[in-house]
There are 2 protein chains.
Amino acid sequence: MRPPRHAANLDDMPRLLIADDHPLFRAALHQAALAALDDGSIGEACDLPGTLDALGAEPDTDLVLLDLHMPGSRGLSGLATLRGQFPAVAVMVVSAHDEPRVVRRVLDHGAAGFISKSASPGEITSAIRTVLDCGEWVPPHLGESVAALPSDPNDSDLAARLSRLTAQQYRVLGLLAEGLLNKQIADRLAIQERTVKAHVTAIFEKLGVRNRTQASMLLRTLDLADPARVD
Amino acid sequence: MRPPRHAANLDDMPRLLIADDHPLFRAALHQAALAALDDGSIGEACDLPGTLDALGAEPDTDLVLLDLHMPGSRGLSGLATLRGQFPAVAVMVVSAHDEPRVVRRVLDHGAAGFISKSASPGEITSAIRTVLDCGEWVPPHLGESVAALPSDPNDSDLAARLSRLTAQQYRVLGLLAEGLLNKQIADRLAIQERTVKAHVTAIFEKLGVRNRTQASMLLRTLDLADPARVD
DNA sequence: GGACGCATCGGACTTTCGTCCCATGGCCGG
DNA sequence: CCGGCCATGGGACGAAAGTCCGATGCGTCC
């Protein structure tokens, strides 16, 4: 399920990327990361497209600290996108939703760890060190509950399917799930409708669905709603 | 937003319906309801279709005690269905999700009250009395937090739109949101595809969407997921 | 260099979707 | 008893979706 994270960057110069839409929290993560690294570089992004761009520019990034709730991503969709498009990059999810089942799902979707937003700087530093060392990190106070939770087979299955999508296919899927027509998707991506159709067909085949409604439903199961989102 | 609940049954013989898939809890609710009624009848149902059937058979029911999580309904969809098809019947939601934002959404979708599954029998009895008296009931310990929460305009809007759907249209919408073709929906409902198309067009018009993918997305916002459903 | 995956398109085609007319019959409330 | 809403269908139609054949480049990996 969780593909091996090979160190894209073998020397002792770890590359980190901090992806969070809250500047203050970004700074706090930055401090904790500095304490965890002897040396290395730390980038920042404030939304999902920015994160993808940064990874595209630095493909040998070792670790992304990812907030689940950012512009362009709610729930697990951002994580799924990153894991699908950059399977070699480890992702540690940072979230205020520190409930065992959320952590369980996050891990099942390929995250290398989970940091609660209420964690102390020291804990965050430990978490980063652990994950950079190819370990897995779960908040100590949640460890047992998470281990006790079974993986949802639907989740593992979904993660496996989504990971087969290419980057472009993932973009098409996202637009498709907003109810856009093929023609509109084509305009957004600056390609021809025929090409969109080709992608859509490939998406259906990989996800094992037969039409766009089913595909968008599948994507929706990635939503990790606050039980009552007010946004 | 919340249409007036006129007492369909003006004499002192209140009719209740308990809808919960857990027999034990159904019995507990039954006891609490008996304590709240001097006289009256109490029916039971264990899934959403059963609830709808029971209401169809007893349209002058006064109050339904509705579990949010039942076969055929997850999240707010069951509530929306009931409110849409039987606007004259008061619904009190019974759920373990006793978080303020859940309660807020439940009320915005037309519920007359909310009972936490951890409430005492006495509290449940009070709640039933209050609602039967055309009042609104929120657990005392949540009252302030719920009142402080703003109604999500999306929710009010969605509730208003969904309430305009007819019973049959609601069924069609449900099947449509599962990714079924018009032809398949027709088979399920034992009607012609043309008729399904007529319903679908009406649904789009009432919901203000332009295709089935958008319609199914709209319906999906009714999901009140446990943050990480394991089902 | 060659195999492979990917993105990009093209044509032609069938199916499904969605809309526009229209009509019928039932049921309910004024 | 009648006007209105509803569910049910019919015919025809354009638009969109989805599939099947094909092709061209562009990278990467071995």
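Numbered from 1 within each chain, the chains take letters A, B, ... in sequence-line order.
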Expressed in angstrom and rounded to an integer, what is the separation of B:Gln168 atom CD from D:dC5 atom P?
19 Å
Could you check how far CZ of A:Arg194 sits from C1' of D:dC20, rounded to whole Å?
13 Å
Do any side-chain nitrogens or oxygens of A:Thr166 fall under 4.0 Å of OP1 or OP2 in C:dA7?
yes
Report yes or no: do B:Asp155 and B:His109 form a side-chain donor-acceptor pair below 3.5 Å?
yes
Side chains of B:Arg212 and B:Asn182: donor-acceptor distance under 3.5 Å anywhere?
yes
What is the distance, to the nearest angstrom, from the CG atom on B:Leu165 to the C1' atom on D:dC5?
15 Å
CD of A:Gln192 versus P of C:dT8: gap in Å, rounded?
10 Å
Please check if the side chain of A:Thr195 supplies one atom and the backbone of A:Ile191 the other of a donor-acceptor pair under 3.5 Å.
no
How close or far is atom P of D:dA17 from atom CD of A:Gln214, stated in whole angstroms?
16 Å
Scoring nucleotides 13-25 of chain C by protein non-hydrogen atoms under 4.0 Å (B base, S sugar-phosphate only, - none) yields ---SBBB------
Backbone N or O of A:His22 within a donor-acceptor pair of the A:Asp20 side chain at under 3.5 Å?
yes
On DNA chain C, does the nearest nucleotide to A:Lys206 precede the nearest nucleotide to A:Thr195 from the 5' side, or the other way round? Give the residue.
A:Lys206
Are A:Asp62 and A:Arg15 within salt-bridge range, i.e. N to O under 4.0 Å?
no
Tell me whether B:Arg26 is salt-bridged to B:Glu44, with the criterion being a basic N under 4.0 Å from an acidic carboxylate O.
yes
Which whole-number value in Å describes the distance from A:Ile203 CD1 to D:dA17 P?
13 Å
Rounded to whole Å, CD of A:Gln184 lies from C1' of D:dA15 at a distance of 13 Å
Can you tell me the distance, in whole Å, between the CD atom of B:Glu205 and the P atom of D:dC6?
11 Å
